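Scroll down for the structure; my scribbles are underneath it.
As the structure is a prediction and not an experimental result, all values here were calculated from the model.
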Number of protein chains: 2
Amino acid sequence: MGRTTGTTGIDDVARAAGVSASTVSRVMNGRAGVDAALAERVRTAASSLGYRPNPLARSLVLGRTQTIAVVVPDLANPTFQGMLRGVTLAAARDGYRVLVADTSEDAAAEEAIVRETRQRCDAVVLCSPRMASDVLIAAVAALDPVVVINREVPGIPGVSADYRVGIVELLEHLATLGHRRLVYAAGSPSSASDAARRAGLADFALARPDVEVLTVEAGATFGDGAAAASVVVESGATGVVAFNDLVAMGVLASLAAQGIAVPAEVSVVGFDDIPFAAFTTPALTTAAVPVGELGELAWRRLAARFAGEEPEGDVMLRPELRVRASSGPVRTVISPAAGAGAGAGAETGAGRS
Amino acid sequence: MGRTTGTTGIDDVARAAGVSASTVSRVMNGRAGVDAALAERVRTAASSLGYRPNPLARSLVLGRTQTIAVVVPDLANPTFQGMLRGVTLAAARDGYRVLVADTSEDAAAEEAIVRETRQRCDAVVLCSPRMASDVLIAAVAALDPVVVINREVPGIPGVSADYRVGIVELLEHLATLGHRRLVYAAGSPSSASDAARRAGLADFALARPDVEVLTVEAGATFGDGAAAASVVVESGATGVVAFNDLVAMGVLASLAAQGIAVPAEVSVVGFDDIPFAAFTTPALTTAAVPVGELGELAWRRLAARFAGEEPEGDVMLRPELRVRASSGPVRTVISPAAGAGAGAGAETGAGRS
DNA sequence: GCCGTTCCAGAAAACGCTTTCCCATAGGCT
DNA sequence: AGCCTATGGGAAAGCGTTTTCTGGAACGGC
C-alpha cells in the first residue's frame with residue numbers, strides 16, 4: 001500500500017485519481033486503450049504525488065532488470081577501464097544500467113562472483129583472461145545471455161581483438177626496420193590473450209625464419225616490465241615487443257634508468273595503445289586495441305539477443321599498428337655520425353652478449 | 001511456482017524436501033529454530049536442485065538491494081576511475097555490488113540519471129563536480145543515503161580532497177624554488193574543485209604577496225592543457241600549476257613541441273597524481289589526491305549509515321606533494337655554466353613578454 | 001493427570017507492480 | 001427494438017521471497 005514504507009505507490013496514485021491500480025499501470029506504461037481524460041487525470045495525480053514506479057517490483061514481475069553486469073579482472077587496468085566504459089556508454093544509450101564487478105581479489109572465487117552478479121541482471125559481459133578454458137566453458141553455460149571478451153567459447157558470442165595478427169604486425173614492423181634478434185616480454189602463461197600472441201609468434205617464425213624471437217616471461221604490469229628489462233638487455237636483442245603497453249612502459253623506464261637509448265640502441269613496442277601510450281618518452285609504438293569498441297560491440301550483441309535476434313559468429317577486431325618514436329632502425333655497429341640521423345647508433349651496448 | 005520460468009524456486013525446494021516454503025526460507029537464511037534433521041534435508045534438496053534464491057524477490061520484500069550506485073561524470077578520467085575502483089573494492093568486501101553511471105553524455109539529465117539509478121539501489125555515491133550548488137542541494141535531498149565526493153552539501157556526508165591546501169602546497173613549492181611569476185591553468189569555472197583551488201590561490205596571494213599568480217582558463221583535459229600552453233609562454237611566467245595532471249601533460253607536450261625546456265625554462269606541476277604522472281617526461285611534480293581512499297571512505301560512510309550509526313562531519317583528505325622532475329629552480333638570466341647543475345638556465349626564453 | 005509452556009512448522013499476508021480475465025456500458029447492425 | 005460486438009476499466013492472480021501469525025505437539029510442573 002505504499003503507506004508502510006513512506007514511499008508513494010501505485011495505489012496512492014490510483015486513489016488520488018479515483019481509478020484502479022491497473023489503470024495507473026496502463027497509463028504509466030503507455031498502454032493504449034485508456035480514455036484520454038482519465039489518462040490525463042492519472043498523469044496529473046502521479047506527477048503531483050511525485051510518483052515513481054518501483055523498479056524492483058517491476059523487475060520482479062517483468063522478469064527483466066534493465067541491467068547488465070560487466071565483470072573484469074582488474075579495474076586499475078586501462079584496458080578493462082576502456083571496455084567498461086565502452087559497454088556502459090553503449091548500454092546507457094539503450095536505457096540499460098551496468099553493474100560492475102572486479103574479480104581481482106579472489107581469482108578462485110571468480111565463478112561464484114560472476115554467478116551471483118548475474119542473478120541480479122539480464123545478462124553479463126565477461127572479461128576473464130585467466131580463467132582456465134574448461135572452467136570458463138562450464139561457468140558460462142549457466143550465465144546464458146552472456147558475451148565473452150577476448151575468449152573463445154563454443155556456442156557463446158564473443159568479441160575479441162585479434163592479438164595474434166596484432167603481434168605479427170608489430171614483429172614485422174621491427175623486422176622491416178632491420179631487427180633480427182627480438183625478445184617477447186610475455187604475459188602470464190595462463191592468459192588467453194597471451195596464448196594468442198604466442199600463436200602469432202609462431203606464425204611469424206614460419207614467415208620470417210631469418211628473425212630470431214626469444215621469449216622471456218614478464219607479466220602484465222609496469223613492474224613486470226621493469227623487472228624483465230635486465231634480461232632483455234642481456235639477451236642482446238635489438239628490439240622488444242612487450243605483452244602490453246604497461247609492460248613496455250616498465251621496460252622503457254628501466255632502460256632509461258640504465259642509460260640505454262630507445263630506440264637508438266633498443267626498440268621497444270607495446271600492445272593496446274592505452275591512453276597514455278602516446279605520452280611516454282619516447283612515445284610508444286604499439287598496436288591499438290579498440291577497447292571501447294570492444295565494449296560497445298559486446299553490448300550490441302546483448303541488445304540483439306534481447307531483441308530476439310539469432311547470434312552470429314564471433315567478431316574479431318584487428319589491432320592497428322601505431323608507429324611512434326620508441327621503435328626505429330636497428331642500431332648499426334658502424335661508427336656513428338653525430339648528425340641528424342634518427343637511428344644513428346651508439347656503440348655503448350656493443351659488448352652485451 | 002518457479003515452474004513457469006524454468007528456474008527452480010523456493011517452492012520446488014520445499015516440495016522436494018517435503019516442507020513448507022517458510023522452512024526453506026528459514027534454513028537458507030540461517031534462522032534458528034529449525035530442527036537439525038529437517039534443515040539438513042532442506043539443504044540437500046536445495047543443493048541438489050541447484051537452488052539460488054532470487055535476489056530480486058528478496059530485495060523487494062527486504063527493502064534493500066545490497067547494491068549501491070556510483071555516479072561519475074566521466075569514466076575516461078583517471079581520477080574517477082580511481083574513485084570507482086576504490087568504492088567498488090571496498091563495497092565488495094562487505095558484500096555490496098556497484099551500479100555505475102557515467103553522466104557525461106548529458107549533464108542536464110544528470111539529476112534524472114542519478115534519481116533513476118538511485119531507485120535500484122540502497123544508496124549512492126555522487127561525484128558531480130559541475131552540478132550547480134543549488135541544484136545539487138535540492139537533488140541530493142531526494143537521494144537520502146548518499147555521500148558526495150568533493151562537494152560540500154550541508155547535512156550530507158561528504159568526503160573530499162583538500163584542493164585548497166593542495167594548491168597552496170604546489171605554489172609554495174614553486175615559490176621556494178625561486179619562482180615569482182606563475183600561472184594557474186584553471187579548470188572549468190563551474191567545477192567545485194576548481195573553486196577550491198582558486199580559494200587556495202587567494203590564500204597564497206595573501207601569504208606571499210611577492211609572488212604573482214596569473215590565471216588562464218584552460219579546462220580539465222589534455223587538449224585543454226595543450227591549448228593553454230601558448231598563453232602560458234606569452235605570459236612570461238616561469239612556472240605553471242595546472243588544474244590537474246591531464247592539463248599538465250598537455251602543457252608539457254605543447255612546451256616540448258615548442259622546444260621549451262622543462263623545468264629549465266618553465267616548471268610545470270599538476271594535481272591528482274594519476275597513475276601515469278610518474279612517467280611523463282619529465283616526471284610530473286604534482287599533489288597526490290588519494291582517489292582510491294576517497295572512494296573507500298565514501299563506502300565506509302555508507303556502511304556506517306547502514307549499520308545505523310550517526311553521520312559525523314565531512315572528512316577531508318590532504319593531498320600530498322610529490323616532487324618529481326618537472327619542477328626546478330627558476331631559470332636565471334645569468335650566463336649558464338655547462339656543468340652538472342640541475343636547473344642551469346638557458347637564456348632562450350629571455351625575450352618573452 | 002491436567003494445564004500451561006515451549007518449540008517447530010505451515011498458512012497466509014505482505015513487498016509493489018503488471019497483466020490476464022471478466023464485466024459493464026455504449027454503439028452499430030439487422 | 002433486440003442482439004452482438006467493441007471498448008474501457010476493475011478485480012484478482014501472479015512474480016519469488018520473507019515474516020508474522022497461528023496451531024499442533026511434546027514436555028514439564030503442580
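Interatomic distance, A:Leu126 CG to A:Glu111 CD, rounded to the nearest 0.5 Å: 10.5 Å. To the nearest 0.5 Å, atoms CD1 (A:Ile149) and CG (A:Leu297) are separated by 9.0 Å. Rounded to the nearest 0.5 angstrom, B:Arg15 CZ and B:Ile10 CD1 are separated by 11.5 Å.
In the displayed structure, A:Arg97 atom CZ is contacted under 6.0 Å by more than 12 heavy atoms of other residues, nucleotides or ligands.
Taking atom CG of A:Leu49 as the reference point, atom P of C:dG16 lies 15 Å away to the nearest angstrom. Put simply, CG on B:Asp12 is 9 Å from P on D:dG16, counting in whole angstrom units. Per the geometry, CD belonging to B:Glu40 stands 16 Å off P belonging to C:dC8, to the nearest Å. Taking atom CG of B:Asp11 as the reference point, atom C1' of C:dA9 lies 15 Å away to the nearest angstrom. Between A:Arg120 atom CZ and D:dC15 atom C1' the separation is 17 Å, expressed in whole Å. Between A:Ile10 atom CD1 and D:dG10 atom C1' there is a gap of 13 Å when expressed in whole angstrom units. Distance A:Gln119 CD to D:dG16 P: 12 Å, rounded to the nearest Å. The CG atom of A:Leu56 sits 14 Å away from the P atom of D:dG16 (whole-angstrom rounding).
Taking the side chain as every heavy atom from C-beta outward, A:Thr79 and A:Val289 never approach each other to under 4.5 Å.
Backbone-only contact: B:Leu38 has heavy atoms under 4.0 Å from sugar-phosphate atoms and none from a base.
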Given side-chain contact (heavy atoms from CB on, under 4.5 Å), test A:Arg58 with A:Leu62 step by step and report yes or no.
CA-CA 6 Å; A:Arg58 297 196 74 221; A:Leu62 259 20; 3.6 Å; yes
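Between A:Arg118 and A:Asp144 there is no salt bridge, since no side-chain nitrogen of the basic residue lies less than 4.0 Å from a carboxylate oxygen of the acidic one.
Ranked by how close their nearest DNA chain C nucleotide is to the 5' end, B:Leu60 and B:Val34 are led by B:Val34.
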Contact list (N/O, under 3.5 angstrom) for nucleotides 19-22 of chain D vs protein:
{"unit_1": "D:dT19", "atom_1": "OP2", "unit_2": "B:Arg31", "atom_2": "NH2", "d": "3.3"}

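Close to C:dT18, at under 4.0 Å from its OP1 or OP2, lies a side-chain N or O of A:Arg58.
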